[in-house]
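Side-chain atoms are counted along with the backbone in the values below, which use heavy atoms only and exclude waters and symmetry mates.
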Amino acid sequence: MRSVLSRRRFLSGCVGLSASLLAGCSRWSSLGAVEPRVVVVGGGFAGATVAKYLKILDGGIRVTLVEAQSRYTTCPASNWLFAGLGDMERLRVDYQALRSRYGVEVVADTAAALDLSRKRVQLQSGGAQAYDRLILAPGIDFRWNAIAGYDAVAAERFPHAWKAGPQTLILLRQVQAMPDGGVVLISVPADPYRCPPGPYERASMMAFWLKQHKPRAKILILDAKRSFSKQALFEAGWAKHYGYGTPNSLIEWHSLADNPLLELHADAKTLVSEFGDRFTGDVLNIIPPQTAGSIARQSGLADAGGWCPVRPASAQSRFDEFVHVIGDAANYAPIPKSAFAANSEAKACAFAVVSLLREQPLAEAHWLNTCYSLVTPEHGISVAGVYKPDTGNTVSPVSGAGGVSVGKDAEVERAEAEYAQIVYRNLVADSFG
């Protein structure tokens, strides 16, 4: 038990520790008589973190965060609602601490367009924000043309719930209302997409609730990939708790890598594959393929794949040296698109922006990712990685610095589930608090 408690204490401070270290060692003097202006577009984990850490690193920088919503709903932990853990209110955070503690100017508006030549962000309200450095953290948008018949309107009936909020509640209510013996279809896109383990944690949380309330139900995961994140850990957990691999399994996983889903027949609640296979369910959770947020794509900052290529050490766009892109919209492969990775990318970006404004050499960047998932409320699994820049201006994992859960006994599983909640709370506090 001592090792469990020691790790708990470590995790309680692992995210926030970096903030205290930065605050203690980097109270640099003002950059000069002219106040440099940094505009951050997007108030998720990446945008909130970079705005906060820019002010920690140098209070003389004028930092403006452009975010339309007054409160942000976190995607991490939103899957837990399907198991009856918590409620939507617990997922909501605001920007008051960024204003009051750090002096970030928060503008409640939407970035409508970027004038890159004049270094201005045009706002939907008609105003504009000038910048010396622009940091884009616009998150994801969806590719609605991937499955015929599935678009933004259809998503109100067949929710993706891949941006936490109203769609999460729609999907939750549909699962709770379906008949015992009903079928949930979860359609999973090909890589890359936000939160690679998310669909499988969602299936796990749904299965936990269904096992208690609708034990004859079935969850079919229709996956565009041949394998998935933490697959061995999930499948072992599903076998232990949900009968995976038996005829009565609550969860079935099907790879459709060679037989992609092409059509939605909405009236029949049926998905049709290229080979003509038909999958019908009572609840359809269709997660579309994804791209960088529209503001990045419309401004010519995304490549043909729909994501924003960056110079990893500085997060500078490969198309504009005065624009930095972080979070889910940026291509930091092989770093996954996760909230923890976004927080790490934001901190490295904050250091780089201040160095560039000061005309100082860039420090060597490193990035972290830790991702916990729940199989049940008392069975957690995890994966962690450390990454560094390569000589080819790409990113590589640090050999031996990452790993996945190894414990198989109930005590370790419970500890991992506890760590999942600790890491989530501390990540939220580090980004928004």
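No donor-acceptor pair closer than 3.5 Å links the side chain of Arg297 to the backbone N or O of Gly306. In terms of modelled atom types and a separation under 3.5 Å, the side chain of Glu274 and the main chain of Pro260 share no donor-acceptor contact. Distance alone, capped at 3.5 Å, is enough to place a donor-acceptor pair between the Tyr150 side chain and the Phe158 backbone. The main-chain N or O of Ser187 is never found under 3.5 Å from a side-chain atom of Asp223 such that the two would form a donor-acceptor pair. No donor-acceptor distance shorter than 3.5 angstrom exists from the side chain of Arg133 to the backbone of Val39, with no hydrogens or angles considered. When atom types are taken as modelled, the side chain of Ser249 and the backbone of Glu252 share no donor-acceptor pair closer than 3.5 angstrom. Between the side chain of Gln290 and the main chain of Arg194, a donor-acceptor pair closer than 3.5 Å is present. Formation of a donor-acceptor pair under 3.5 Å by the Lys55 side chain with backbone atoms of Arg99 is not found in this model. Panel note: side chain Thr110, backbone Ala112; no donor-acceptor pair is recorded below 3.5 Å.
Taking all atoms of both residues into account, the shortest heavy-atom contact from Ala350 to Leu54 is O-CD2, 3.7 Å. The heavy-atom pair separating Ser382 from Leu233 by the smallest distance is O-CD1, 3.9 Å. Considering all non-hydrogen atoms of both residues, Ser344 and Leu368 come closest at OG-N, 2.9 Å. Taking each heavy atom of Ser314 and Ala352 in turn, the nearest pair found is CA-CB, 3.6 Å. Closest of all the heavy-atom pairs between Gly43 and Tyr95 is O-OH, 2.7 Å. Residues Gly327 and Ala342 come closest through the heavy atom pair CA-CB, 3.9 Å.
One distance of note links CH2 of Trp162 with CD1 of Ile286; it measures 13.5 Å at 0.5 Å rounding. Once rounded to the nearest 0.5 Å, the distance linking CG of Leu250 with NZ of Lys211 reads 7.5 Å. Atom CZ of Phe432 sits about 9.5 Å away from atom CG of Asp94, to the nearest 0.5 Å. With values rounded to the nearest 0.5 angstrom, Arg216 atom CZ is found 4.5 Å from Asp180 atom CG. With values rounded to the nearest 0.5 angstrom, Phe279 atom CZ is found 5.5 Å from Ser273 atom OG. Here CG of Asn426 is found 12.0 Å from OG1 of Thr370. Values are rounded to the nearest 0.5 Å.
At a cut-off of 3.5 Å, with distance as the only test, a side-chain donor of Tyr53 or Asp430 sits close to an acceptor on the other residue. A donor-acceptor contact under 3.5 angstrom links the side chains of Arg202 and Asn79, judged on distance only.
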Intermediate values then yes/no, salt bridge (charged side-chain N to carboxylate O under 4.0 Å, His left out), Lys214 and Asp282: CA-CA 13 Å; Lys214 303 178 190 290; Asp282 298 275; over 6 Å; no

Test log, rule side-chain contact (heavy atoms from CB on, under 4.5 Å), inputs Leu171 and Phe82: CA-CA 9 Å; Leu171 182 58; Phe82 296 101; 3.6 Å; yes

Step-by-step side-chain contact (heavy atoms from CB on, under 4.5 Å) determination, Met178 to Leu210: CA-CA 10 Å; Met178 79 174 192; Leu210 290 170; 3.7 Å; yes

Verdict with reasoning, Gln176 to Trp209, per side-chain contact (heavy atoms from CB on, under 4.5 Å): CA-CA 9 Å; Gln176 293 176 343; Trp209 188 87; 3.8 Å; yes

side-chain contact (heavy atoms from CB on, under 4.5 Å) between Arg157 and Lys269, intermediate numbers included: CA-CA 10 Å; Arg157 182 180 174 191; Lys269 294 186 176 179; 4.2 Å; yes

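Looking at heavy atoms from C-beta onward, His324 lies in side-chain contact with Leu356 at the 4.5 angstrom threshold. Taking the side chain as every heavy atom from C-beta outward, Phe208 and Pro377 approach each other to under 4.5 Å. The shortest distance between side-chain heavy atoms of Tyr200 and Val188 falls below 4.5 Å. Cys195 is not listed as a side-chain neighbour of Cys75, based on a closest heavy-atom distance of 4.5 Å or more. Residues Pro312 and Tyr387 have side chains not in contact (no heavy-atom distance under 4.5 Å, counting atoms from C-beta outward). Between Thr74 and Leu427, the closest side-chain pair of non-hydrogen atoms is not below 4.5 Å. Annotation: side chain of Val406 is not in contact with side chain of Val412 (no heavy-atom distance under 4.5 Å). The shortest distance between side-chain heavy atoms of Ile186 and Met206 falls below 4.5 Å.
Between His160 and Trp144, the ring-plane angle classifies as tilted under the 30° and 60° cut-offs. Ring geometry for Tyr424 against Trp80 counts as perpendicular: the plane angle is over 60°, on a 0 to 90° scale with 30° as the lower cut. Aromatic ring orientation, His379 versus His241: perpendicular (interplanar angle above 60°, classes split at 30° and 60°).
Residues Lys163 and Asp141 are paired through a salt bridge, judged by an N-O separation under 4.0 Å between the basic side chain and the carboxylate.
Sparse packing is recorded around CZ of Arg90, with 12 or fewer heavy atoms of other residues, nucleotides or ligands lying under 6.0 Å away. In the displayed structure, Glu105 atom CD is contacted under 6.0 Å by more than 12 heavy atoms of other residues, nucleotides or ligands. Around the CZ atom of Arg101, the shell of radius 6.0 Å holds no more than 12 heavy atoms that belong to other residues, nucleotides or ligands.
Tested against Glu201, the residues Ile381, Val375, Leu374 include a single side chain to side chain contact (heavy atoms under 4.5 Å, CB included) partner, Leu374. Residue Trp253 is tested with Tyr242, Phe234, Phe228, Tyr244 for a ring pair (Phe, Tyr, Trp, His ring centres under 6.0 Å); the sole match is Phe228. Shown are Phe45, Phe340, Tyr72; of these, the side chain to side chain contact (heavy atoms under 4.5 Å, CB included) with Ser431 is made only by Phe45.
The salt bridge (Lys or Arg N to Asp or Glu O under 4.0 Å) check on Glu89 picks up Arg71, Arg92, with sequence neighbours excluded. A search for salt bridge (Lys or Arg N to Asp or Glu O under 4.0 Å) contacts involving Asp390 returns nothing, not counting sequence neighbours.
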